[in-house]
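Structure record follows, encoded as C-alpha cells.
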Amino acid sequence: MLDPELLERITARRAELDELEEQLAEQLAEVRAERDELAVAERVLERMTRQLAEERGSARPVPGQVGGRAVMLIPNREPEVEEGSLPSDYQRIIAAVRQAAGPVMAREVGEAVGVDVSVKSKLEPLRGKLVRLVDRGWLRKLPDGRFTTRL
C-alpha cells in the first residue's frame with residue numbers, strides 16, 4: 001500500500017515543477033522574441049551603414065578649376081590640413097562655433113560673425129557654409145540642427 005503522505009508530496013512537487021516549467025517556457029519565448037528583434041535591428045543597421053557609406057562615397061566634394069588646376073576651397077579636414085588653409089569667412093565661422101558655450105544654431109553663428117539674421121536670404125548662405133564645413137569634417141551637426149566643433 002502506498003503512503004498517502006508520500007503521494008501528496010509527489011503530487012505537490014509535480015505541481016511545483018509544472019509551474020516552473022511554465023515560467024521557463026514563458027522566459028524562453030521572451031528571450032527568443034528579443035533575439036529575433038535584435039537580429040532584425042542588426043540587419044537594418046547593416047543596411048543603413050552600407051547605404052550611408054555609399055552616399056558618402058558618392059557625395060565626395062569635387063574640386064573646382066582655377067587656372068586649369070583642381071582646387072578645393074574648403075578642403076576635407078585631415079591631420080595635415082590646418083584650419084588656416086580655409087578662407088577667412090570659414091575661419092570666422094569655426095571660431096564663432098568654438099567660442100560658443102555649447103552647440104549653436106545658424107542664427108547664433110550669424111550674430112557672432114556679423115550677418116543680418118533678421119533677413120532670411122542673408123542667413124541661408126551662412127547655413128550653407130555651416131553644412132559645407134560639416135560635410136568636410138570641420139564641424140559636427142547635431143540631430144536638432146545645432147552645430148558644434150568636432151571632438
Side-chain angles (χ1 to χ4, degrees), residues 12-151:
R13 182 63 181 147
R14 178 169 286 151
E16 288 174 9
L17 292 175
D18 288 345
E19 185 178 326
L20 181 60
E21 180 183 24
E22 189 176 310
Q23 290 173 356
L24 291 174
E26 287 175 11
Q27 285 180 334
L28 182 59
E30 290 172 4
V31 166
R32 286 181 175 157
E34 186 173 347
R35 185 185 299 148
D36 291 345
E37 290 172 358
L38 287 173
V40 169
E42 189 174 30
R43 286 193 305 267
V44 169
L45 181 62
E46 287 173 0
R47 184 173 51 238
M48 290 177 69
T49 301
R50 277 194 311 272
Q51 287 174 347
L52 284 173
E54 289 170 5
E55 288 173 10
R56 286 182 182 147
S58 65
R60 276 288 195 231
V62 178
Q65 292 284 324
V66 175
R69 293 182 15 191
V71 177
M72 188 179 305
L73 293 177
I74 311 303
N76 289 320
R77 181 177 181 200
E78 296 174 2
E80 65 274 1
V81 179
E82 296 292 324
E83 194 173 302
S85 65
L86 295 172
S88 61
D89 53 338
Y90 286 87
Q91 290 178 32
R92 288 195 331 265
I93 290 169
I94 291 175
V97 173
R98 188 176 290 124
Q99 291 170 358
V104 292
M105 297 298 288
R107 178 175 300 280
E108 296 168 89
V109 175
E111 291 170 351
V113 297
V115 172
D116 183 4
V117 296
S118 65
V119 180
K120 187 174 182 176
S121 64
K122 294 190 179 187
L123 189 59
E124 287 308 311
L126 173 65
R127 190 181 319 280
K129 289 178 180 182
L130 284 162
V131 170
R132 198 166 300 116
L133 287 168
V134 169
D135 292 344
R136 303 297 198 281
W138 293 96
L139 295 177
R140 194 167 58 119
K141 186 174 182 181
L142 302 177
D144 63 0
R146 296 180 301 160
F147 297 88
T148 185
T149 55
R150 280 260 189 239
L151 298 177

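Heads up: numbering here begins at 1 and tracks the sequence.
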Side-chain donor-acceptor pairs of residues 25-46 under 3.5 Å, sequence neighbours excluded:
none

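- Applying the side chain to side chain donor-acceptor pair (under 3.5 Å) test to every pair with at least one member in residues 96-113, sequence neighbours left out, gives these pairs: Glu83-Arg98.
- Contacts of Ala96 classified as side chain to side chain contact (heavy atoms under 4.5 Å, CB included), with partners at least two apart in sequence or in another chain: Val109, Ala112, Val113.
- Between Leu20 and Leu24, some side-chain heavy-atom pair lies under the 4.5 Å cut-off.
- By the neighbour-count criterion of 12 heavy atoms within 6.0 Å, atom CD of Glu82 is sparsely surrounded, having that number or fewer from other residues, nucleotides or ligands.
- When all heavy atoms of Leu123 and Ala106 are compared, the pair lying nearest together is CD1-O, 3.8 Å.
- Partners of Ser118 according to the side chain to side chain donor-acceptor pair (under 3.5 Å) rule, which considers only residues two or more places apart in sequence or in another chain, are Asp116.
- Between the NZ atom of Lys141 and the CG atom of Asp135 there is a distance of 9.5 Å, given to the nearest 0.5 Å.
- A pairwise comparison of heavy atoms in Thr149 and Val97 identifies N-CG1, 3.8 Å as the closest pair.
- Among pairs with a residue in residues 119-132, those fulfilling side chain to side chain donor-acceptor pair (under 3.5 Å) read Asp89-Lys129, Tyr90-Arg132, Glu124-Arg127, at least two apart in sequence or across chains.
- Taken to the nearest 0.5 Å, the CE atom of Met105 stands 7.0 Å off from the CG atom of Asp144.
- Put simply, CG on Leu133 and CD1 on Ile94 are 5.0 Å apart, with the number rounded to the nearest 0.5 Å.
- Within the structure, salt bridge (charged side-chain N to carboxylate O under 4.0 Å, His left out) contacts touching residues 13-23 (residues at least two apart or in different chains) are Arg13-Glu16.
- Among residues two or more places apart in sequence or in another chain, the side chain to side chain contact (heavy atoms under 4.5 Å, CB included) test is passed with Val81 by Pro75, Glu78, Ser85, Trp138.
- Thr148 OG1 to Leu139 CG: the interatomic distance, rounded to the nearest 0.5 Å, is 8.0 Å.
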Show your working on side chain to side chain contact (heavy atoms under 4.5 Å, CB included) between Asn76 and Arg136 and close with a plain yes or no.
CA-CA 4 Å; Asn76 289 320; Arg136 303 297 198 281; 3.3 Å; yes
